[in-house]
Amino acid sequence: MKRYSPKDIETKWQKKWDSDGTYVADLKSDKPTYYGFAMFNYPSGNSIHLGHAKNFTIPDVLLRYKRQNGFETFAPVGFDSFGLPAENFAIKTGTPPRETTDKAIESYRKQYRALGLGVDWSREIDSSLPEYYRWTQWCFTQLHKAGLAYQKDSAQWWCTKCKTVLADEQVFSGKCWRHDGPDDPLVTKKTLHQWFFKITDYADDILEATDDLNWTPWVKTAQKNWIGRSEGATVTYQLKGLGADEATIDVFTTAYDTIYGTTFMVLAPEHPVVKTYAQFADNSDEIEAYTQDALRKSDIDREANKTKTGVPIDGLSVVNPANGNEIPVWVADYVLMGYGTGAVMAVPGEDERDFEFANKYQLPIVYTTKQQEFVSYQDIKKEPKSYIVANSAEFNGMNFAEAKPKILKKLFEDGAAQTTVNYKVRDWLISRQRYWGAPIPIIHCVSCFTPDDAVAATIDCADHQGFVDIKSGKKRILTRKREENIDRLNSGSIVALRDLETKEVIHVAVRSVEFFEGVDDLYQNSNYANQTFCREFKDVDELRSVYDGNRPGYSAQLDTHGIVVVSYDTLSKPVAVPDDQLPVELPEIDDYRPDGEGRSPLAKVDDWVNAPCPECGGAGRRETDTMDGYVCSSWYPMRYLSAGDNTQAWDPGLAKKWMPVDFYNGGDHATAHLLYARFFTRFFYEQGLIGDPEPFKQMYFHAKILAPDGTFFSKSKGNGIDPLEVIDSGYGADALRTYIMFIAPPDVESPWNNDGLPSIYRFLNRIFVLVQEFKTASSEQGAVSKETGRDAEILKSAHKAIKKVTNDIEAIKFNTAISAMMTCVNELYKIKEQDRFASAAWQEALDVLVQLVAPFAPHMAEELWRDLGHEDSIHVDHWPELDEQYLVEDTMKLAVQINGKVRAEIEMSADADEESIKNEALAQENVQKHLAGNAPKKVIYVTGRLVSVVV
RNA sequence: GCGGAUGUGGUGGAAUUGGUAGACACGCUAGUCUUAGGAACUAGUGCCGCAAGGCGUGAAGGUUCAAGUCCUUUCAUCCGCACCA
């Protein structure tokens with residue numbers, strides 16, 4: 001009898017699939033399409049690791065499943081081959097990156113094949129080849145034409161030792177990754193004129209669309225976070241003094257109602273107003289020194305040393321538009337240029353940071369809110385319980401300073417407040433304590449309960465991050481702008497709560513109500529449309545948004561592999577290179593070291609740099625900045641579809657047919673790459689070149705495989721495991737693939753266990769043996785169809801497996817899919833003991849089993865499929881069909897519970913009526929015992945599950 | 001600090017979404033067989049207890065006939081973001 005020998009089987013089928021073109025997609029097929037792949041990776045070194053195996057096996061399983069289900073699948077493969085490692089290797093050894101990369105790719109190909117990946121090799125891409133980057137350059141020029149790629153000055157990390165610019169990820173603990181010894185200098189910042197993508201133009205659209213994506217949830221959250229939208233207002237302040245009387249300054253705030261508490265203004269050191277007017281100040285030297293120092297300081301320093309520092313700009317002031325007060329202007333590095341407008345109206349009475357700053361520099365503090373004031377629509381309308389928590393350190397004889405959460409809670413429950421203090425309020429109380437010391441200034445804490453439906457609104461008004469928590473029964477029904485559950489309001493200023501179902505605004509609250517300087521009418525009735533300084537706030541839906549700054553970058557200059565994008569004409573105006581002159585090919589470079597001025601090594605290749613202006617033909621020079629690696633990967637889903645097409649980046653027809661990608665798997669780049677891809681896709685969608693604004697319909701973020709000791713695999717520890725070693729040790733790729741999918745659901749991080757693999761091998765072997773025995777048995781007996789009386793059992797087992805495996809694969813719960821197959825195999829072995837083995841039912845069951853296991857163990861399945869008498873490949877159009885009739889049970893087992901505890905089990909025929917089931921349950925000896933002669937209070941029958949008796 | 005998750009046997013992990021907790025494996029224990037192996041097969045294996053029985057899903061409360069699952073509170077771990085005005 002044939003024995004299971006993965007080594008022979010696997011290479012045999014790999015060759016056969018290649019020569020048959022089994023996985024080559026017909027992109028024009030009429031079949032339903034399914035497009036999926038894992039993030040392509042950077043070929044570095046010569047060996048892939050278990051992480052790669054997992055990364056690629058996940059989509060491979062899913063696509064094989066789809067292919068078996070009659071889909072035309074496209075499983076592309078490629079390499080993201082521009083990157084630093086090859087470049088560093090070049091700097092060190094002089095080996096050109098191309099050479100290193102090619103070698104690595106060759107080795108990767110071999111390993112992907114060994115894993116049995118069903119990918120379409122005919123459309124392989126390699127992002128560092130001119131035939132690819134030509135179109136990356138084209139993408140750039142399109143964005144440039146649309147004004148979405150632009151230049152501005154920007155500070156970059158700079159290592160004074162290697163004289164190069166560094167990317168964020170090359171800076172560790174404030175030091176250059178190459179120079180991180182104790183004696184090495186900290187990195188600094190260097191201002192360079194750089195390219196940026198205007199991704200913020202799409203930020204709202206992207207944000208808006210995020211919720212509806214079928215993506216791993218936390219990735220969606222991370223993306224929203226990354227975009228970092230806050231809503232608030234821009235307030236314009238008039239400058240005064242130092243010759244700035246004509247100028248104004250814009251400030252962004254999310255808490256505009258605190259404007260009366262503004263006692264000074266703070267500018268970021270980079271703010272243009274500082275540059276323009278500070279020189280006229282008496283203390284200009286001091287300002288200059290501070291500014292220079294702040295700019296030199298890295299963000300890391302700023303973070304490490306959170307003590308606030310700053311200098312005033314003597315002689316400069318601004319006028320508060322709300323009350324006409326003149327307030328001083330300061331420069332401080334706790335204000336970031338990248339966020340909002342780089343200027344802050346400081347309200348020390350309300351903001352911790354401003355408070356700290358005001359305290360340090362003896363600036364005035366004005367509290368803008370009065371005690372015990374709160375306007376609530378609900379308050380008036382329904383007179384709910386509504387309480388205002390008071391505000392002094394002494395409260396009912398308790399001292400807040402010493403109050404522990406529980407005591408606080410009790411305190412509120414006991415009387416004065418009569419409301420449960422949310423723990424956030426509590427945290428807030430405690431944290432404020434530090435800044436103010438006693439007495440605690442102002443606290444509003446309000447809960448509103450409508451009498452009947454228990455709608456509760458807790459508005460934590462005092463915190464800048466006030467939040468709303470509204471419930472109705474079990475369901476959260478209220479929110480603000482986006483009508484979704486929100487837990488947090490950035491503003492806390494105006495809260496409009498809507499009923500999700502009726503959309504009706506049922507509660508409007510203003511953060512703090514009565515202000516000190518007679519502005520009641522401004523806020524009392526929410527009619528503040530005429531006020532210039534908050535003109536943008538007619539209602540809550542018109543809040544303006546700002547985004548976290550400094551995001552959209554592009555130009556990592558060290559990376560010589562990168563791509564050159566535009567040329568400059570004689571006037572140094574950037575001119576996009578016309579399509580017909582692309583690609584701008586990278587020159588041969590002898591010396592890969594950067595030029596020391598913050599430019600890429602390209603800058604040293606004079607005869608390449610000095611090229612005529614592509615437009616006028618006059619003298620010009622080429623841009624030597626290179627694009628970030630994320631650009632290459634932002635559009636590759638489209639390129640896969642038209643790999644090799646040298647007339648266009650991609651065929652829009654194909655893109656409309658195949659995009660968005662149905663399934664995209666990855667274990668890294670939750671924000672940057674995925675957001676850039678969304679940005680690009682959205683842009684090209686607007687250009688009419690793609691049929692959908694989103695690149696990935698489903699994005700699955702898998703978790704890492706850990707080392708057996710629960711730590712991460714790492715090169716430095718040398719604890720990596722090479723999949724090839726595992727395969728070659730005799731277990732084979734099928735066992736490896738199946739095992740990786742079996743350890744845990746793919747999105748759960750779990751350790752590799754060396755003892756696990758043999759068990760999977762055993763499982764596969766058991767299937768193999770079963771088929772071989774069946775084959776022998778049926779040939780001996782001459783005929784396959786022999787009734788044995790156990791066919792129903794055999795088929796039930798098989799069809800149960802079909803159901804479970806199909807559902808689980810769809811849900812990407814491969815571990816339970818595999819366990820369902822194991823159960824099936826175990827059952828079949830049991831049946832086999834007593835059955836004559838060869839029958840039509842056996843043939844069907846084994847066909848089913850082999851088809852189910854095919855996505856996981858493709859080689860073995862293919863081999864067994866032939867052994868079972870089939871001629872074609874199992875991997876195309878062969879998924880077993882579920883027939884529910886085999887699953888029907890004649891009898892059912894029901895648990896009998898008494899007061900929630902299982903006391904007996906009864907077996908009833910499947911069509912038994914409720915009455916007889918209850919009677920049977922009560923008749924049980926053990927049930928009678930527990931009833932002890934009493935009649936049950938209640939008997940509940942849960943269909944098909946259990947009978948619950950209440951005594 | 002803010003945001004997001006996760007907590008179930010000795011281990012990886014199941015649990016039909018409120019219905020018999022621990023599927024499927026690993027490991028362990030005992031046994032069978034033998035060409036003595038890191039093989040295969042059989043049985044057992046949540047905890048306490050000789051047993052009847054009791055206890056059990058990080059902890060504490062609650063809702064329910066019934067809670068790993070829902071609600072409060074709390075602890076721990078992990079991951080993002082971080083002086084975001």
Side-chain angles (χ1 to χ4, degrees), chain A residues 217-226 228-230 232 251-255 258 266 299 302-303 306-308 332-336 338-347 350-354 356-357 405-406 409 420 423 427 431 464-465 471 473-474 487-488 490-491 546-549 670-671 703 708 710 739 742-745 748-760 762-763 765-766 769 804 807 813 815-823 825-826 829 893-905 936-940 942-951:
Chain A
W218 72 263
V219 175
K220 295 203 280 186
T221 317
Q223 296 217 335
K224 288 194 212 165
N225 239 324
W226 194 87
R229 181 166 76 181
S230 323
V251 162
F252 174 80
T253 175
T254 57
T258 64
V266 192
D299 293 353
R302 285 195 192 188
E303 218 175 296
K306 289 211 177 177
T307 315
K308 294 181 178 38
D333 66 4
Y334 80 90
V335 174
L336 307 175
Y339 183 79
T341 62
V344 169
M345 53 177 229
V347 187
E350 298 292 330
D351 184 280
E352 288 178 8
R353 294 155 303 176
D354 297 341
E356 188 189 330
F357 194 77
K406 286 205 172 128
K409 185 179 171 190
T420 302
Y423 68 96
D427 286 351
S431 69
H464 268 265
Q465 299 182 343
K471 287 176 246 169
K474 287 188 175 179
D487 304 317
R488 177 195 150 127
N490 279 328
S491 151
V546 299
Y547 306 92
D548 282 6
T671 49
Y739 181 58
F742 179 68
I743 324 176
V748 172
E749 206 172 68
S750 48
W752 176 262
N753 175 359
N754 284 318
D755 297 328
L757 195 65
S759 75
I760 289 290
R762 198 175 309 140
F763 159 66
N765 189 45
R766 274 157 72 85
V769 168
K804 179 82 177 139
N807 288 340
K813 294 176 80 180
N815 58 330
T816 47
I818 294 165
S819 91
M821 288 186 269
M822 289 174 166
T823 306
V825 171
N826 291 347
Y829 263 80
K893 282 190 179 133
L894 302 171
V896 182
Q897 293 183 344
I898 294 174
N899 289 344
K901 298 207 162 155
V902 180
R903 298 295 181 186
E905 194 173 78
K937 281 192 194 140
K938 210 172 176 185
V939 181
I940 296 158
V942 183
T943 314
R945 302 228 171 266
L946 52 78
V947 180
S948 184
V949 181
V950 186
V951 184

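Just so we're on the same page: letters track the sequence lines, and every chain starts at 1.
Taking syn as a glycosidic angle within 90° of 0, G56(B) does not qualify and is anti. Within 90° of 0 lies the glycosidic angle of U17(B), which makes this nucleotide syn.
In this structure, Tyr739(A) atom OH and C26(B) atom P are separated by 10 Å, rounded to whole Å. When rounded to the nearest whole Å, the span between CG of Asn753(A) and C1' of A25(B) equals 10 Å. Rounded to whole Å, atom P of A66(B) lies 14 Å from atom CD1 of Ile898(A). Protein atom CZ of Arg945(A) is 9 Å distant from nucleotide atom P of U16(B), rounded to whole Å. The NZ atom of Lys308(A) sits 14 Å away from the P atom of A85(B) (whole-angstrom rounding). Atom OH in Tyr829(A) sits about 15 Å away from atom C1' in U42(B), given to the nearest Å. Nucleotide G80(B) holds its C1' atom 14 Å from the CD atom of Glu749(A), rounded to whole Å.
At a cut-off of 3.5 angstrom, the base of C65(B) holds no donor-acceptor pair with the side chain of Lys937(A).
Contact annotation: Asn815(A) does not reach the phosphate of G12(B) (side-chain N/O to OP1 or OP2, under 4.0 Å). Between Asn826(A) and A25(B), a side-chain N or O to OP1/OP2 separation shorter than 4.0 Å is present. The side chain of Lys813(A) contributes no N or O atom lying less than 4.0 Å from OP1 or OP2 of U16(B). A close approach under 4.0 Å does not occur between any side-chain nitrogen or oxygen of Arg762(A) and OP1 or OP2 of A39(B).
Taking a pair to require two hydrogen-bonding distances under 3.5 Å in either a Watson-Crick or a G-U wobble arrangement, C24(B) pairs with G12(B).
Residue Thr823(A) is in sugar-phosphate contact alone, with no base atom involved, counting any heavy-atom pair closer than 4.0 Å across all strands shown.
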